[in-house]
There are 2 protein chains.
Amino acid sequence: MKHLPHKTIERLSQYRRALLICHETGKSHIYSHEIANIQHITAVQVRRDLMLIGYTGTLRKGYNVKELIDLIGSIIDSDEGIHVAIIGMGNLGRALINYFDGKRSKLNIVAGFDTNPDKIGNTMSGVPCYANEDLEKIIREKDIKIGILTVPADHAIESAELLVKAGVKGILNYTPKPINVPNDVYLEEYDMITTLEKVAFFVKLQEMVK
Amino acid sequence: MKHLPHKTIERLSQYRRALLICHETGKSHIYSHEIANIQHITAVQVRRDLMLIGYTGTLRKGYNVKELIDLIGSIIDSDEGIHVAIIGMGNLGRALINYFDGKRSKLNIVAGFDTNPDKIGNTMSGVPCYANEDLEKIIREKDIKIGILTVPADHAIESAELLVKAGVKGILNYTPKPINVPNDVYLEEYDMITTLEKVAFFVKLQEMVK
DNA sequence: TTCACAATGTTAATTTTTTCACAAAAAAAC
DNA sequence: GTTTTTTTGTGAAAAAATTAACATTGTGAA
């Protein structure tokens with residue numbers, strides 16, 4: 001297997017989630033079009049993605065749910081698991097922690113950081129909250145590889161710099177402020193305002209057509 | 001102007017945000033490569049997007065910040081403004097409200113819904129919180145066009161159905177549970193778990209290369 | 001004035017992503 | 001036992017998105 005497209009990676013993660021649910025309900029096999037319906041995509045797309053990861057199903061029986069879950073795991077998970085930190089324990093940071101709570105064994109949120117003295121030293125939803133001043137120390141101690149930025153926009157840049165200095169390898173930036181990182185740090189930015197504006201645009205468009 | 005690609009719409013929203021900041025600092029013109037640097041894309045990409053919306057800059061002076069802000073607004077905003085509701089006033093819902101607080105005059109979060117009796121009847125960050133039972137009534141009364149789903153995953157489907165029944169035209173689904181909507185409702189789904197898994201994958205990949 | 005530079009605007013090429021179309025074959029139906 | 005149906009796997013085509021290449025031209029410097 002050579003290069004997996006970004007989009008394929010995203011879909012694999014989603015396939016797995018759907019498959020895990022199937023698995024719980026005791027379903028042993030699944031067709032490409034069933035996966036496709038769940039994800040609002042086409043069956044060909046699913047089959048092509050699975051082709052790319054070299055998984056082959058059974059004709060007329062579909063794909064073995066358990067096998068596929070394991071294969072996807074072997075591709076996207078790290079064997080040893082990856083430690084993650086949340087920078088900014090506000091509403092968004094806490095929302096993320098709750099989302100994750102116990103879901104992914106290979107991705108663990110092991111630390112949160114904040115500037116609010118009321119939060120520092122406490123545990124929130126099972127995640128200990130530390131002071132920003134201790135960020136570098138904790139990141140190194142706990143071998144944290146990924147930082148999720150959920151601070152207010154005007155602290156995004158300094159927080160990102162802290163993370164980079166501490167040696168994280170990936171940053172997921174949820175602030176609306178674009179940040180810069182060195183080449184060896186993988187950066188993913190997501191902007192909720194943009195997404196809502198996009199939805200609004202297409203709603204407007206649809207109204208206009210009518 | 002005919003069809004604007006989805007990706008272009010997203011970038012236009014982001015350009016505008018960057019431009020608004022420039023405008024505040026008193027900058028009157030900006031070059032394509034300056035915009036590009038902020039957004040981590042290429043200058044050609046910026047120029048192409050602007051070409052698509054028919055905006056033309058001044059040679060050697062770049063683009064007029066104010067004009068461009070207004071033009072992008074005329075494309076992606078609705079004249080009358082659009083009313084938005086948040087379904088699920090948990091951490092994520094509240095995070096979104098704070099994000100938006102007063103930022104976009106054309107996109108207003110005018111109602112929140114929840115099942116928790118302690119929240120119902122109160123105002124949170126300026127947004128009144130209603131009971132789910134009143135959803136259809138309030139959506140119609142307030143002429144709400146877009147619903148943002150921030151409920152727990154196992155309530156996603158029923159909440160989506162409520163929204164559709166109430167007549168919203170767009171749904172932004174932040175739960176990890178894919179939903180189905182009729183064809184005339186624009187649906188955008190975003191999954192934080194997938195995004196984090198993707199970051200983890202590319203971090204793993206980068207480690208392996210070394 | 002003339003030259004060099006720096007920026008835009010756009011056609012064409014490339015790359016990436018998705019879809020079409022169909023062969024192959026297991027299972028079911030008859 | 002033959003035919004039909006259903007589903008996978010994939011080469012080829014199409015569509016979408018990005019990048020390259022370059023002509024054009026306003027501006028400032030010499």
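In what follows, chains carry the letters A, B, and so on, assigned in the order in which the sequence lines appear, proteins first and then strands, with residues in each chain numbered from 1.
Using Watson-Crick or G-U wobble geometry with both donor-acceptor distances under 3.5 Å, D:dG26 finds its partner in C:dC5.
In this structure, A:Ala36 and A:Ala43 approach most closely via the heavy-atom pair CB-N, 3.5 Å. Considering all non-hydrogen atoms of both residues, A:Ile171 and A:Ala160 come closest at CD1-O, 4.1 Å.
Salt bridge status for A:Lys145 with A:Glu80: absent, with no side-chain N to carboxylate O gap under 4.0 Å. Using a 4.0 Å cut-off between charged nitrogen and carboxylate oxygen, B:Arg17 and A:Glu197 do not count as a salt-bridge pair. Salt bridge status for A:Glu188 with B:Lys198: present, with a side-chain N to carboxylate O gap under 4.0 Å. Ion pairing between A:Glu136 and A:Arg140 holds under the 4.0 Å rule for side-chain N and carboxylate O.
DNA chain D is contacted by A:Gly62, A:Tyr63 of residues 61-68 of chain A, taking any non-hydrogen atom closer than 4.0 Å. Residues from residues 32-42 of chain B with heavy atoms under 4.0 angstrom of DNA chain D, sorted by number: B:Thr42.
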Exercise. Given A:Ile76 and A:Lys106, is the side-chain contact (heavy atoms from CB on, under 4.5 Å) satisfied, shown in steps?
Worked result: CA-CA 10 Å; A:Ile76 67 181; A:Lys106 297 294 186 181; over 6 Å; no

Exercise. Taking it one step at a time, do B:Ile30 and B:Tyr15 satisfy side-chain contact (heavy atoms from CB on, under 4.5 Å)?
Worked result: CA-CA 11 Å; B:Ile30 192 168; B:Tyr15 298 163; over 6 Å; no

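We find the NE2-CD1 distance between B:His3 and B:Ile9 to be 11.0 Å, quoted to the nearest 0.5 Å.
Rounded to an integer number of Å, the gap from B:His29 NE2 to D:dT27 C1' is 14 Å. Note: CG (B:Leu52) to P (D:dA16) measures 13 Å, nearest angstrom. Here the C1' atom of nucleotide D:dG9 and the OH atom of A:Tyr31 are 16 Å apart, to the nearest Å.
Listed nucleotides: C:dT18, D:dT18, C:dA7. Nearest to the side chain of B:Leu59: C:dA7.
Of the candidates A:Asn108, A:Val127, A:Ile148, A:Ile148 is the only one forming a side-chain contact (heavy atoms from CB on, under 4.5 Å) with A:Val84.
In terms of position along DNA chain C, the nucleotide closest to B:Leu50 lies nearer the 5' end than the nucleotide closest to the other residue of the pair A:Lys7 and B:Leu50. Of the two residues near DNA chain D, A:Ile30 and B:His6, the one whose nearest nucleotide lies more 5' is A:Ile30.
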Problem set entry | Nucleic acid footprint by protein, nucleotides 10-16 of chain C - heavy-atom cut-off 4.0 Å, B for base, S for sugar-phosphate alone | BBB----

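A sub-4.0 Å separation between OP1 or OP2 of C:dT19 and a side-chain N or O of A:Gln45 is present. Note on A:Arg60: every side-chain N or O is 4.0 Å or more away from OP1 and OP2 of C:dA29.
A:Thr56 comes within contact range of the sugar-phosphate backbone alone, with a heavy-atom separation under 4.0 Å but no base atom that close.
For B:Asp154, the CG atom is densely surrounded, since the number of other residues' heavy atoms within 6.0 Å is greater than 12.
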